[in-house]
Amino acid sequence: MTTAETKTPELADASTYDLTPLISPYLDLHMMFPLLEYIDSLIATGAISYSAADVAQARLELLRPTHMVDYAMDIYREIHGEEAEIPQEMEDQKGEVFKQMEVLREGQMAFDDLSRDEEVRNNLVNNNQWNYKSLTSMATYNITPEILANYYKFAKFNFDCGDYQQSRDMLECYLSLFASPPKQRKEGEGEEEDDELGGNTSTPAEDEKTGNPNMYYLTSIDPTLLQVLWGKLSCEILVEDWEEASVALIAVKTAIESLTSSNKLTALEALHQRTWLLHWSLFVFWNDASGKGLESMVELFTSEKYLQAVTTNAPHLLRYLTAAVLLCKRRAAKKAGSNSNAEGRRLLRDLVKVMQQCEYSDPIVEFVEQLSVKFDFEAAQSQLARCETVLSTDFFLCKQTELFMEEARVFVFENYCRIHHKIDLATLGEKLAMDRERAERWIVDLIRNALLDAKIDSEEGCVVMGTGSTSVYEQVMEKTRELNARSSGLVSNLRGYMNDVRKEKAKRERKARDAMEE
């Protein structure tokens with residue numbers, strides 16, 4: 001069983017729980033730099049036992065395939081001293097980078113100038129000529145397939161140089177050549193024509209020309225354009241534009257499924273692509289300021305195809321799924337509008353099923369398992385102490401440490417209340433690592449704000465739980481939640497049975513005819 005924790009009773013060093021070696025194979029090289037910078041900050045505070053020199057050396061190795069030569073030189077001086085002589089290899093690489101930059105800049109200049117001329121570009125868009133096929137067939141602007149290929153190469157070159165903003169803008173322009181967004185009329189434009197022709201003049205053929213809105217309105221997708229979408233997503237992540245990164249994430253997901261359904265990606269290739277997307281999505285979901293990121297993450301990670309990627313290629317992602325479920329289960333219950341936390345319990349049941357399929361454990365996963373499966377409060381309390389170390393030293397989870405610990409205490413309280421009708425405040429305080437008075441205040445606030453049916457008996461110094469009956473509405477919703485899936489399964493089974501019956505009937509008829517002929 002893959003594990004991220006030691007067997008010793010004392011708290012392990014943060015490096016024991018570090019998932020960077022498991023995550024890094026599925027990230028772009030440039031995405032590793034923020035992770036290494038965070039590890040540097042942990043080293044500086046003594047929170048992790050890595051060597052700063054080793055991390056600097058790892059950063060230098062990552063920089064070798066890129067064009068960020070100046071950055072690599074700075075890291076080299078950091079390792080060998082400010083007075084160290086820069087290797088000739090780096091100087092030669094720097095000269096080669098500038099030479100390549102000039103060649104690519106000249107090779108794509110014609111299209112770059114055209115794309116920056118707003119008046120000409122708008123005219124081409126309005127005439128449906130701003131697309132790859134029209135531009136490369138027009139002699140007016142002398143745009144050839146080679147020039148457009150150089151434009152894409154230059155966008156990637158800028159990315160390798162660390163100019164993510166420029167690369168993003170160029171990739172966005174390049175994608176527009178293969179897109180067909182809906183036509184936007186100016187206010188009042190075309191109204192008289194519509195009235196004369198009896199209303200809306202749009203035809204089904206025109207509507208069909210609009211591309212997929214979940215994929216930047218691209219009219220089609222192929223493996224090459226999929227790589228462009230991956231590049232767009234990486235740029236959005238690295239410039240930390242999380243709203244646009246969410247859009248880019250959906251575009252890549254849509255493209256993967258489209259290519260898979262059209263057999264342009266094999267099942268194994270699709271599994272590999274989904275595994276990469278799950279890792280890249282961590283940047284997006286854990287930085288989503290809208291508050292919907294964690295719900296979206298749980299939905300993606302537990303969908304059938306992506307769950308297969310988790311259990312097969314990346315069981316370590318169970319840490320992030322577990323943390324997301326624990327952080328959003330009460331919010332999901334409130335959103336469902338029910339009188340109890342039935343929705344939260346459903347999320348936990350689904351999570352436990354995933355945990356049973358993944359050969360991975362760490363304090364966060366173990367904490368939930370001890371409470372939800374084994375009801376071992378002592379073991380859960382021990383794991384919760386380790387959780388704080390894991391959270392504070394995890395690049396993606398560190399900002400959620402305080403909220404997670406609060407939700408974890410609520411989780412302990414909920415589970416303890418499920419098996420006890422009356423709970424002594426002093427005992428409960430021990431379970432929550434609080435004194436009696438603080439525990440009482442905390443529970444009062446919890447009862448006021450959370451979906452909990454309980455009251456405090458101050459005279460006896462205990463919490464008295466309500467009956468917690470399930471409403472008829474919740475019972476109906478729970479029974480019918482998977483109705484569509486079960487109905488589809490029954491129809492599929494019935495169809496298979498009827499096909500078998502027809503085959504058997506045809507077989508008997510053939511045998512009868514053969515017997516008569518003989």
Q: When rounded to the nearest 0.5 angstrom, what distance separates OG in S134 from CD1 in I143?
A: 12.5 Å
Q: Checking the side chain of S262 only, and the main-chain atoms of S258 only, is there a donor and an acceptor separated by less than 3.5 Å?
A: yes
Q: Do Q88 and D92 pair up side chain to side chain, a donor and an acceptor below 3.5 Å, judged on atom types alone?
A: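 The answer is yes; a qualifying pair exists.
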Q: Could you tell me whether the side chain of E304 reaches within less than 4.5 Å of the side chain of L307, counting heavy atoms only?
A: no
Q: Between the side chains of E61 and R64, is the shortest nitrogen-to-carboxylate-oxygen separation below 4.0 Å, so that they form an ion pair?
A: yes
Q: Would you say that more than 12 heavy atoms from the other residues, nucleotides or ligands in this model lie under 6.0 Å from the CD of E388, or not?
A: no
Q: Identify the heavy atoms of A270 and T260 that sit nearest to each other, and give their distance.
A: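 Scanning both residues completely, I find the closest heavy atoms to be CB-OG1, 3.4 Å.
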Q: Atom CZ in F157, atom CD in Q108: separation rounded to 0.5 Å?
A: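 With rounding to 0.5 Å, CZ (F157) is 11.5 Å from CD (Q108).
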Q: So V412 and F367, do their side chains get closer than 4.5 Å, heavy atoms only?
A: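 Side chain of F367 against side chain of V412, heavy atoms only: contact under 4.5 Å found.
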Q: Nearest 0.5 angstrom please: E406 CD to L326 CG, how far?
A: 11.0 Å
Q: Do side-chain atoms of H272 reach the backbone of L268 as a donor and acceptor pair under 3.5 angstrom?
A: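 Looks like no, no N/O pair under 3.5 Å.
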Q: Can you tell whether the side chains of K292 and E295 come within less than 4.0 Å, N to carboxylate O?
A: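 Salt bridge: no.
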Q: Which pair of heavy atoms, one from F285 and one from L300, lies closest together, and at what distance?
A: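 Heavy atoms of F285 and L300 come nearest at CE1-CD2, 3.8 Å.
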Q: For residues V368 and L351, determine if any side-chain heavy atom of one lies less than 4.5 Å from a side-chain heavy atom of the other.
A: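 Yes - at least one pair of side-chain heavy atoms lies under 4.5 Å apart.
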Q: I need the L148 CG to Y174 OH distance, nearest 0.5 Å.
A: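 One gets 6.5 Å once the value is rounded to the nearest 0.5 Å.
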Q: Working to the nearest 0.5 Å, report the span between OH of Y26 and CG of L278.
A: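 These two atoms lie 10.5 Å from each other.
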Q: Taking all non-hydrogen atoms of both residues, which atom of T210 and which atom of P181 are closest, and how far apart?
A: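 That closest heavy-atom pairing would be CG2-C, 4.3 Å.
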Q: Working note: M31 + L35, criterion side-chain contact (heavy atoms from CB on, under 4.5 Å); need CA distance, chi angles, decisive distance, verdict.
A: CA-CA 7 Å; M31 293 179 187; L35 271 68; 5.8 Å; no
Q: Crowded around E269 CD? As in, over 12 foreign heavy atoms under 6.0 Å?
A: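 Result for CD/E269: enclosed.
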Q: Take Y306 and F301 through the ring pair (Phe, Tyr, Trp, His ring centres under 6.0 Å) test and state the conclusion after the steps.
A: CA-CA 6 Å; Y306 284 83; F301 277 51; 8.3 Å; no
Q: Is there side-chain contact between E243 and V247, with heavy atoms separated by less than 4.5 Å?
A: no
Q: Could you check if a side-chain atom of L29 sits within less than 4.5 angstrom of a side-chain atom of P65, using non-hydrogen atoms only?
A: yes
Q: Taking all heavy atoms of P25 and all of W276, pick out the closest pair and write down the distance.
A: O-CZ2, 3.3 Å
Q: Are any of the side-chain nitrogens in K264 or D222 under 4.0 Å away from the carboxylate oxygens of its partner?
A: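 No.
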Q: From F283 CZ over to L233 CG, what is the distance, rounded to the nearest 0.5 angstrom?
A: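 Taking CZ in F283 and CG in L233, the distance rounds to 10.0 Å.
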Q: Using side chain to side chain contact (heavy atoms under 4.5 Å, CB included) as the criterion, list what pairs up with V239, not counting sequence neighbours.
A: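 Side chain to side chain contact (heavy atoms under 4.5 Å, CB included) list for V239, sorted by chain: Y164, Q165, R168, E236, D241.
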Q: Quick one: do N212 and Y217 satisfy side-chain contact (heavy atoms from CB on, under 4.5 Å)? Show the steps, please.
A: CA-CA 4 Å; N212 191 331; Y217 290 100; over 6 Å; no
Q: Sub-3.5 Å donor-acceptor pair from the side chain of N127 to the main-chain atoms of Q129, do we have one?
A: no
Q: Could you tell me whether R77 and D74 have a side-chain N and a carboxylate O separated by less than 4.0 Å?
A: yes
Q: Could you check if a side-chain atom of F33 sits within less than 4.5 angstrom of a side-chain atom of Y38, using non-hydrogen atoms only?
A: no
Q: Going by atom types only, do E366 and Q370 share a side-chain donor-acceptor pair under 3.5 Å?
A: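 Indeed, the side chains of E366 and Q370 share at least one donor-acceptor pair under 3.5 Å.
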Q: For F154, does its backbone N or O pair with a side-chain atom of N158 as donor and acceptor, under 3.5 Å?
A: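 Yes; judged by distance alone, with no hydrogens or angles, the pair exists.
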Q: Counting heavy atoms not belonging to E102, are there more than 12 under 6.0 Å from its CD?
A: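 Enclosed: over 12 neighbouring heavy atoms sit under 6.0 Å from CD of E102.
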Q: Run the numbers on H67 and K94 for side-chain contact (heavy atoms from CB on, under 4.5 Å), then give the verdict.
A: CA-CA 8 Å; H67 299 322; K94 185 174 181 178; over 6 Å; no
Q: Once salt bridge (charged side-chain N to carboxylate O under 4.0 Å, His left out) is applied, what residue pairs with a partner in residues 20-43 remain, sequence neighbours excluded?
A: D40-R59
Q: Would E257 and K305 count as a salt bridge (Lys or Arg N to Asp or Glu O under 4.0 Å) here? Give the steps.
A: CA-CA 10 Å; E257 301 313 319; K305 294 175 181 177; 3.4 Å; yes
Q: Counting C-beta onward and ignoring hydrogens, is there a side-chain heavy-atom pair between F159 and T66 closer than 4.5 Å?
A: no
Q: Does D362 pair with R386 as a salt bridge, N-O distance under 4.0 Å?
A: no
Q: Do the side chain of S372 and the main chain of E369 share a donor and acceptor less than 3.5 angstrom apart?
A: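 A pair under 3.5 Å: no.
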Q: Below 4.5 Å, heavy atoms only, C-beta onward: do V252 and I256 meet side chain to side chain?
A: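 Yes - at least one pair of side-chain heavy atoms lies under 4.5 Å apart.
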Q: Would you indicate whether Y132, at its atom OH, is surrounded by more than 12 heavy atoms from other residues, nucleotides or ligands within a distance under 6.0 Å?
A: yes
Q: Classify the side-chain pair S176/W130 by whether it contains a donor and acceptor separated by less than 3.5 Å.
A: yes
Q: Check ring pair (Phe, Tyr, Trp, His ring centres under 6.0 Å) between F411 and all other residues, then give those that pass, not counting sequence neighbours.
A: none
Q: Taking A309's backbone N and O only, do any of them form a donor-acceptor pair with T312's side chain (distance below 3.5 Å, no angle check)?
A: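 Side chain of T312 to backbone of A309: no pair is present.
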Q: Using modelled atom types only, decide if a donor and an acceptor are shared between the side chain of N131 and the backbone of N128 within a distance under 3.5 Å.
A: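 Yes: the side chain of N131 pairs with the backbone of N128.
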